[in-house]
Amino acid sequence: MEVLKAWFGRAGMGVRRSRRQVVWAGCVLVTVGVLYLQYAPAGPLDQPSAPRHRALNTLYPGHDRDSQPLERTQDQHVKFVRGGESQAAAAAQVVGGQLAPQAVGQQQDHHDLWSQNENAIKEDAVPSDPGGGQQQQPHHAAVEMLQRHASQHKAQEDQVAGSGGVAVASGGSVGGVMGGVMLPPQQDLAAASAWGAGQYRYNPYGEPVYSHTDRPNYIPPHRVVHFDLKGAPPKMAALMQLIPWLVRQGATAVLLEYEDMFPWRGRLSQIATKNHYTRKQVASLVSACRNHGLEVIPLVQTFGHLEFALKHERFSHLREVPELPLALCPSLNESLWLVKQLIDQTMALHPGVRYLHIGCDEVFQLGECERCRLVVRETLFLQHVEAVARYVRQKYAAVPIIWDDMLRHLSETAMQEVHLGQLVEPMVWVYAEDVYRFVQPSVWTKFGQVFQNVWAASAFKGAFGEQLTVPNVRRHLDNNLNWLDVMASENSKFTGGFRGLVLTGWQRYDHFAVLCELLPAALPSLAVTLLATSHGYFNASLQGQLYQALNCMQTPKYQTWLNLDADPYLWDKFSWCFFPGAQVFKATARLDATRRDVDTYVDRVTRSRGWITDYSRRHNFSSPMRVDEDLEELPARLHAVTLLLKTAREALAEWFDDWTVGEWLELHVWPLLHRLQTLQKEAESTKLVRHWPARPLPILPELAAFGVSEPTQTADTQDNDNGNSRT
């Protein structure tokens, strides 16, 4: 018996020890699994051989997609629109093989539309991400299906044309077509594409464009990078190091907009800034661009946006509106003299250029002075553009380019009367994600009847906020990818097609605006958008080129693809890379974090808590103990802001002179420091009080204007007066 007890005891001890070993082994396995998932090699979509899809929702590899919400893990589908079908018209359901329009004016969310038309969409859907998720149909089958729909659509158009069907007017006044039925113009405009829930609703005017997968990758002939230099010039050495970098990422030309940074001479010398470029610096920049194969296109404002000249008293008499130095009066002879001087001095430092951009956008003040009121507005505009364009062509044999926004509402006849198509080439600019919302297909048709060639302009910075410090890369990428679809769809309307796509990078919204995103902080956005437009698509197959362009380290962080939903500014992804301007980029990330921390702290101690509020500091009335408690965290934040100011100054000094460095710091960092220092000074002042008055405290004098002021007689005085009278 004792032997059995001893044996069972040893057996029980072994089981307990084995259980502990099993538990430890399980913990080790779980740890190994977590580490594997964290640092596993990239998935199939991360490999260079990944399919080249243009769809906006193909930016994430399969293993990254698992961490997204449920709707992100599902395959995204495109419902292709045929015959001008309007999605914003609550679209249609397939009934017996025919489209039945329902609730024309009703807007619907994309997911609601998916649930209503699920059966219809399944037949016509093409997966926008065949590389991940569940097994999908072969891509060539989808292409064949799209080609079949295109053939059917063309046959329907031919049938309508042959039977005297309705033609869409080029002026854009006619609504879209749904199943052969014309939509009213207001419904057609309401059906314009809209950005929502991370996916587009599709073009209601005819053929689909966004996420259009049945066409070859469209690559613009020219990929032009715009340098907006006004008022904050990058150092010439910094620009020089960017030129070969641009070429490696696919740029073929640069658009140089100097404004007041140009070395103007003679009577124009006073419109140049104190820190403008020298003639030698401009010549060296032009020479360096040409040596690296970049075509140079200078930009000179010749109508609107002439604030840099018209703000001065010497040229103020040339304003269309005396109080506003924005637009030139086209009816004055001296106005044309000024424009010619601007052109002549610019062309002297850019000899032999093929194109000259003459601006002419946003001429808001037109036909308002006494002379101009006698002429129709569109005639005023066209006559001035004609005079400037003829001067450029005759004297310099260069092709003038103009922004298109002032042409969108002009009639085709008016433009043809001045032979505008033989004088200029329009540059159509849209910086929002949904290009067709701003320039409808009818406008493209009109332009195609007037012009042989056309340019497009997207943006890589300076389009989504006047005081942003770093671009939202997700929005700029969407804008550029959609431009590629639009250019592929509209190219055939022009006999010469598109010349190219300009990636604009605005540094100020206008001459009087403060700085927005600086060039070095926008280089990740420029790398992403330039690679996308140079390849005709953007997905994980470009991973190696992108990380190499931004000089990123070989670590697990750079073995996975971008997540632009979670990191739209790419601070998390590229703050450890070493591209030119990386220190400025990192400073913007630190600024964002510091600003949020300071705002949270100040809001808490001045609005949530009750002892160093504005009211408490104004009346010098508070509890010293409580003030000390609220000020405990302030020194750490003062140190953080001071350190940010120093590091940002050092980073900016590599790219800009002290004028620009001072402006940026005053705009973004100094308000944080001043806010904390003022709070500290006023709060410390309340601690010095040793005796406090009886309530109520004095009423704010400024409230008297609203009928709130201190009573002329207090309750105590009234009681005393009443007692004296009774006595």
Side-chain angles (χ1 to χ4, degrees), residues 232 234 431 459-479 505-509 513-529 550 552 557-558 562-607 633-656 660-679:
Y431 308 146
F460 72 91
K461 78 181 185 78
F464 298 123
E466 292 88 342
Q467 292 193 51
L468 283 182
T469 59
V470 67
N472 185 318
V473 182
R474 173 62 188 263
R475 298 192 67 182
H476 287 294
L477 176 60
D478 290 351
N479 170 241
W506 300 101
Q507 194 161 256
R508 301 181 191 272
Y509 271 52
V514 296
L515 291 169
C516 51
E517 304 99 305
L518 296 178
L519 181 59
L523 288 185
S525 178
L526 179 56
V528 167
T529 52
L550 296 176
C552 300
K557 185 180 184 69
Y558 301 107
L562 309 180
N563 187 341
L564 288 172
D565 281 335
D567 187 21
Y569 301 102
L570 294 179
W571 278 323
D572 178 64
K573 196 69 172 180
F574 294 129
S575 287
W576 297 102
C577 298
F578 298 94
F579 55 90
Q583 295 304 317
V584 178
F585 180 73
K586 294 174 186 178
T588 64
R590 177 176 288 185
L591 170 65
D592 179 73
T594 305
R595 180 184 288 157
R596 284 187 283 107
D597 182 57
V598 169
D599 288 345
T600 301
Y601 168 75
V602 173
D603 187 72
R604 176 164 55 86
V605 299
T606 63
R607 294 172 62 89
E633 301 176 20
L634 191 142
R637 284 162 176 81
L638 276 173
H639 175 74
V641 174
T642 303
L643 183 61
L644 170 63
L645 195 150
K646 294 178 179 178
T647 56
R649 177 183 58 81
E650 293 173 358
L652 291 167
E654 297 180 5
W655 278 80
F656 302 99
T660 304
V661 173
E663 179 180 353
W664 195 90
L665 293 176
E666 181 182 352
L667 178 63
H668 296 294
V669 185
W670 175 254
L672 301 178
L673 184 61
H674 181 68
R675 189 179 183 188
L676 291 175
Q677 288 177 337
T678 302
L679 179 66

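For clarity, every value in this text was computed on a predicted model and none was experimentally measured. This chain uses plain numbering: 1 for the first residue, then up along the sequence.
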ask   = So do T647 and L643 actually touch side chain to side chain, heavy atoms under 4.5 Å?
value = yes
ask   = Can you name the ring pair (Phe, Tyr, Trp, His ring centres under 6.0 Å) partners of Y601, sequence neighbours left out?
value = none
request  = Rounded to the nearest 0.5 Å, what's the gap from CG on L468 to NE2 on H668? Could you check?
outcome  = 9.0 Å
message = For the backbone of V641 and the side chain of T594, can you confirm whether one donor and one acceptor N or O come within less than 3.5 Å of each other?
response = no
query = Hey, mind stepping through F585 and S575 against side-chain contact (heavy atoms from CB on, under 4.5 Å) and telling me if it holds?
reply = CA-CA 7 Å; F585 180 73; S575 287; 4.1 Å; yes
request  = Specify whether H476 and F464 have parallel, tilted or perpendicular ring planes, treating 30° as the upper limit for parallel and 60° as the lower limit for perpendicular.
outcome  = tilted
task = Output yes when a side-chain donor or acceptor of D597 lies under 3.5 Å from a complementary backbone atom of R637, and no otherwise.
result = no
Euclidean distance, L519 CG relative to F656 CZ, rounded to 0.5 Å = 6.5 Å
key: Nearest atoms (heavy-atom pairs only) where L638 meets L676   = CD2-CB, 3.5 Å
request  = Spell out, as yes or no, whether a donor-acceptor pair under 3.5 Å connects the side chain of K557 to the backbone of D572.
outcome  = yes
Validation row: W655, P580 side chains within 4.5 angstrom (heavy atoms) = yes
message = side-chain contact (heavy atoms from CB on, under 4.5 Å) for L562 and L570? Distances and angles first, verdict last.
response = CA-CA 8 Å; L562 309 180; L570 294 179; 4.2 Å; yes
key: Pairwise distance CD(Q583) to CG(L652) - rounded to 0.5 angstrom   = 11.0 Å
Contact summary for G462 and Y509, nearest pair of heavy atoms = O-CE1, 3.6 Å
note = dist Y569:OH -> R475:CZ (nearest 0.5 Å) comes out at 9.0 Å
ask   = Quick check: are there more than 12 heavy atoms from other residues, nucleotides or ligands sitting under 6.0 Å from CD of Q677?
value = yes
inquiry  = Please identify which of these residues, R590, R595, R596, meets the side chain to side chain donor-acceptor pair (under 3.5 Å) condition with D592.
reply    = R596
request  = Provide the closest heavy-atom pair for V661 versus A653 in the form atom of the first, atom of the second, distance.
outcome  = CG2-N, 4.0 Å
query = At what distance, to the nearest 0.5 angstrom, does OG1 of T600 lie from CD of E633?
reply = 11.0 Å
task = Please examine the side chains of N479 and F460, heavy atoms only from C-beta on, and report whether any two atoms are closer than 4.5 Å.
result = no
message = Please find the pair of heavy atoms, one from A582 and one from C577, that lie closest to each other, and give the distance.
response = CB-O, 3.5 Å
task = Could you check L634 against V605 for side-chain contact (heavy atoms from CB on, under 4.5 Å), going step by step and ending with a plain yes or no?
result = CA-CA 10 Å; L634 191 142; V605 299; over 6 Å; no
request  = Kindly compute the distance separating CG (L665) from CG (L672), expressed to the nearest 0.5 Å.
outcome  = 11.0 Å
inquiry  = Can a donor-acceptor pair be found, under 3.5 Å and without considering hydrogens, that links the side chain of K461 to the backbone of E517?
reply    = yes
request  = Give the C-alpha distance, both sets of side-chain angles, the deciding distance and a yes or no for side-chain contact (heavy atoms from CB on, under 4.5 Å) between R675 and D599.
outcome  = CA-CA 10 Å; R675 189 179 183 188; D599 288 345; 2.7 Å; yes
key: Minimal non-hydrogen separation, C516 against W506, with atom names   = SG-O, 3.2 Å
inquiry  = Taking the six-membered ring of F579 as reference, does the cationic atom of K586 (NZ for Lys, CZ for Arg) lie under 6.0 Å from its centre and within 45° of its axis?
reply    = no
query = Out of L518, L591, L667, L515, which one pairs with T469 under the side-chain contact (heavy atoms from CB on, under 4.5 Å) rule?
reply = L591
inquiry  = Looking at A232, is its backbone amide N or carbonyl O close enough to the side chain of Q507 to form a donor-acceptor pair, meaning the two atoms are under 3.5 Å apart?
reply    = yes
note = Closest non-hydrogen atoms of T588 and A521, given as atom of the first, atom of the second and distance, are CG2-CB, 4.0 Å
